Visitor: 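Let me begin by handing over the structure; questions about it come next.
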Amino acid sequence: MAEIQKIITLEMEQASRPLFVYGPATSSLDLAWDLIAQGRLPVWGAVLAASQNAGRGRMGRVWQSPAGHVYGALRLPPAPPFDGPGASLALALFLARGLADFGWPIALKWPNDLIFEGGKTGGILLESKKSALVAGVGLNLGAPPAGDWRQARDPGAPAPSALPFSAGPEALWAALVKKIFLLYNARHGNLAIADLAAEAEKILHWRGRMVTVDRPASVPSAPDAGLSGRIVGLGPEGHLRLANADGEYQLWSGTLSLADDHIF
């Protein structure tokens with residue numbers, strides 16, 4: 001396991017939480033779970049790894065993780081809006097709001113990607129064990145990681161992008177953790193996923209566009225051949241609404257790729 005380089009105390013209203021800063025590691029999520037096992041990472045405590053050699057993404061993908069970018073983990077409260085299927089969407093919205101404070105307009109590619117200037121600049125992966133919930137957050141800074149990203153991404157996926165931030169991952173991640181906490185607290189218990197989904201729909205990437213969905217889970221059940229349709233918006237539980245000639249589908253999981261709008 002990687003060694004802790006330093007511990008930063010984040011002052012958040014009447015509370016303080018630790019930010020554990022590490023050097024190279026397997027993944028920030030691994031570090032977070034190790035700290036939780038030791039009883040050292042409270043709710044709203046955070047982790048930052050300098051780089052990852054086994055970063056995790058959705059569908060078992062490996063996240064390219066060279067130094068210079070944000071590889072963070074944040075322990076979330078297992079309470080609304082993080083206690084249901086809309087948890088990733090809720091956190092993505094809070095992150096988008098926090099990044100907007102830096103002057104960066106962010107769109108959300110359902111269910112958990114952050115889009116800046118048309119490209120993917122970050123992603124979220126939630127993991128839960130027993131009563132603990134941890135979010136892994138990756139953000140590209142300065143320039144996207146080098147490499148042939150197309151070999152690891154689906155056709156029709158957004159190209160990578162990066163946030164124009166030069167003060168370093170530690171400064172940005174510390175600021176974002178505080179902003180997320182303050183945004184969460186500012187709602188004074190009004191954290192219904194339906195309200196958050198309505199806000200997220202306003203910045204929904206590819207809304208109105210035709211997409212294909214890999215490995216969809218939907219109501220009604222998607223055909224065996226997969227699912228294609230036009231993005232209508234978001235439902236009150238954070239699901240994606242997708243329409244085609246057969247009707248409307250409530251999409252609960254799947255990987256979206258942009259399709260040719262003239263196909264349908």
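We number each residue from 1, following the sequence as shown. Just so you know, these numbers use all the heavy atoms, side chains as well, and skip hydrogens, waters and symmetry mates. Predicted, not measured: the structure shown is a model, and the values here were computed from it.
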Visitor: As an exercise, state the distance from CG of L41 to CG of L31, rounded to the nearest 0.5 Å.
Guide: 10.0 Å

Visitor: For a 4.5 angstrom cut-off between non-hydrogen side-chain atoms, does F181 reach K179?
Guide: no

Visitor: Do K6 and E170 sit within salt-bridge range, that is, some charged N less than 4.0 Å from a carboxylate O?
Guide: yes

Visitor: Spell out, as yes or no, whether a donor-acceptor pair under 3.5 Å connects the side chain of S228 to the backbone of T212.
Guide: no

Visitor: Taking side chain as C-beta onward, heavy atoms only, is T255 less than 4.5 Å from V213?
Guide: no

Visitor: Looking at every heavy atom in both P111 and G254, which two are closest together, and how far apart are they?
Guide: CD-O, 4.2 Å

Visitor: Linking I/L/V/M/F/W/Y whenever their side-chain heavy atoms sit closer than 4.5 Å, directly or via other members, would L126 and V137 fall into one cluster?
Guide: yes

Visitor: Run the salt bridge (charged side-chain N to carboxylate O under 4.0 Å, His left out) test against R75 and tell me which residues pass, sequence neighbours left out.
Guide: none

Visitor: Give the cluster check for L141 versus L19: same hydrophobic cluster or not, with ILVMFWY residues linked at side-chain heavy-atom distances below 4.5 Å.
Guide: yes

Visitor: Taking the side chain from S128 and the backbone from A132, do they hold a donor-acceptor pair closer than 3.5 Å?
Guide: no

Visitor: Which is it for K109 and I115 under the side chain to side chain contact (heavy atoms under 4.5 Å, CB included) test, yes or no, and what are the steps along the way?
Guide: CA-CA 7 Å; K109 177 178 174 285; I115 304 296; 3.9 Å; yes

Visitor: Does any part of the side chain of V211, heavy atoms only, come nearer than 4.5 Å to the side chain of L242, both counted from C-beta?
Guide: yes

Visitor: Between N112 and G123 (side chain of the first, backbone of the second, donor and acceptor by atom type, cut-off under 3.5 Å), is there such a pair?
Guide: no

Visitor: Could you state the interatomic distance from CG (N185) to CG (L191), rounded to the nearest 0.5 Å?
Guide: 9.0 Å

Visitor: Taking C-beta and beyond as the side chain, do L251 and R241 meet within less than 4.5 Å on heavy atoms?
Guide: no

Visitor: Is there a donor-acceptor pair closer than 3.5 Å between any side-chain N or O of Q250 and the backbone N or O of L240?
Guide: no

Visitor: Return the CG to CD1 distance between D113 and I124, rounded to the nearest 0.5 Å.
Guide: 8.5 Å

Visitor: Working to the nearest 0.5 angstrom, can you tell me the gap between L74 CG and L176 CG?
Guide: 10.0 Å

Visitor: Go through E127 and W33 one step at a time and tell me if the side chain to side chain donor-acceptor pair (under 3.5 Å) criterion holds.
Guide: CA-CA 10 Å; E127 293 185 347; W33 286 120; 2.9 Å; yes

Visitor: Is any side-chain heavy atom of Y71 closer than 4.5 Å to a side-chain heavy atom of W173?
Guide: no

Visitor: Mark yes or no for whether R230, through its side chain, and N244, through its backbone, hold a donor-acceptor pair below 3.5 Å.
Guide: no

Visitor: Output all residues satisfying ring-ring contact (aromatic ring centres under 6.0 Å, His included) with F94, sequence neighbours left out; order by chain, then residue number.
Guide: none

Visitor: Between atom CG of D214 and atom CG of L256, what is the distance when rounded to the nearest 0.5 Å?
Guide: 10.0 Å

Visitor: Taking Y249 as the starting point, is it possible to reach V232 by hopping between hydrophobic residues whose side chains are less than 4.5 Å apart?
Guide: no

Visitor: Please answer whether the main-chain N or O of H205 pairs with a side-chain N or O of W110 as donor and acceptor at a distance below 3.5 Å.
Guide: no

Visitor: Apply the side-chain contact (heavy atoms from CB on, under 4.5 Å) test between L93 and each candidate in L196, I106, L183; give the one that qualifies.
Guide: L196

Visitor: Atom CG in L95, atom CG in L108: separation rounded to 0.5 Å?
Guide: 9.0 Å

Visitor: Does some side-chain heavy atom of P160 sit less than 4.5 Å from a side-chain heavy atom of K120?
Guide: no

Visitor: Side chain to side chain contact (heavy atoms under 4.5 Å, CB included) for L258 and W206? Distances and angles first, verdict last.
Guide: CA-CA 8 Å; L258 196 60; W206 291 342; 3.8 Å; yes

Visitor: Please give me the minimum heavy-atom distance between P216 and L227, naming the atom from each residue.
Guide: CG-CB, 4.0 Å

Visitor: List the residues meeting salt bridge (charged side-chain N to carboxylate O under 4.0 Å, His left out) with R97, not counting sequence neighbours, and say none if there are none.
Guide: E199

Visitor: Begin from the C-alpha positions of L163 and F102 and carry the test side chain to side chain contact (heavy atoms under 4.5 Å, CB included) through to its verdict.
Guide: CA-CA 10 Å; L163 301 169; F102 288 91; over 6 Å; no

Visitor: Would you name the heavy atoms of A67 and S51 that are closest together and state the gap between them?
Guide: N-CB, 3.9 Å

Visitor: If you take all heavy atoms of I7 and R40, which pair is closest and at what distance?
Guide: CD1-NH2, 4.0 Å

Visitor: Check whether any side-chain heavy atom of L48 sits under 4.5 Å from a side-chain heavy atom of V70, and report yes or no.
Guide: yes

Visitor: Check whether W252 and I193 end up in the same hydrophobic cluster, where Ile, Leu, Val, Met, Phe, Trp and Tyr are linked by side-chain heavy atoms less than 4.5 Å apart.
Guide: no

Visitor: Give me the atom names and distance for the closest heavy-atom approach of T26 to Q52.
Guide: O-CB, 3.4 Å

Visitor: Would W44 and V177 count as a side chain to side chain contact (heavy atoms under 4.5 Å, CB included) here? Give the steps.
Guide: CA-CA 8 Å; W44 296 115; V177 169; 5.6 Å; no

Visitor: Grab the two heavy atoms, one from L114 and one from A92, that are nearest each other, plus how far apart they are.
Guide: CD2-O, 3.9 Å

Visitor: Does the side chain of L91 reach to within under 4.5 Å of the side chain of F82, using non-hydrogen atoms?
Guide: yes

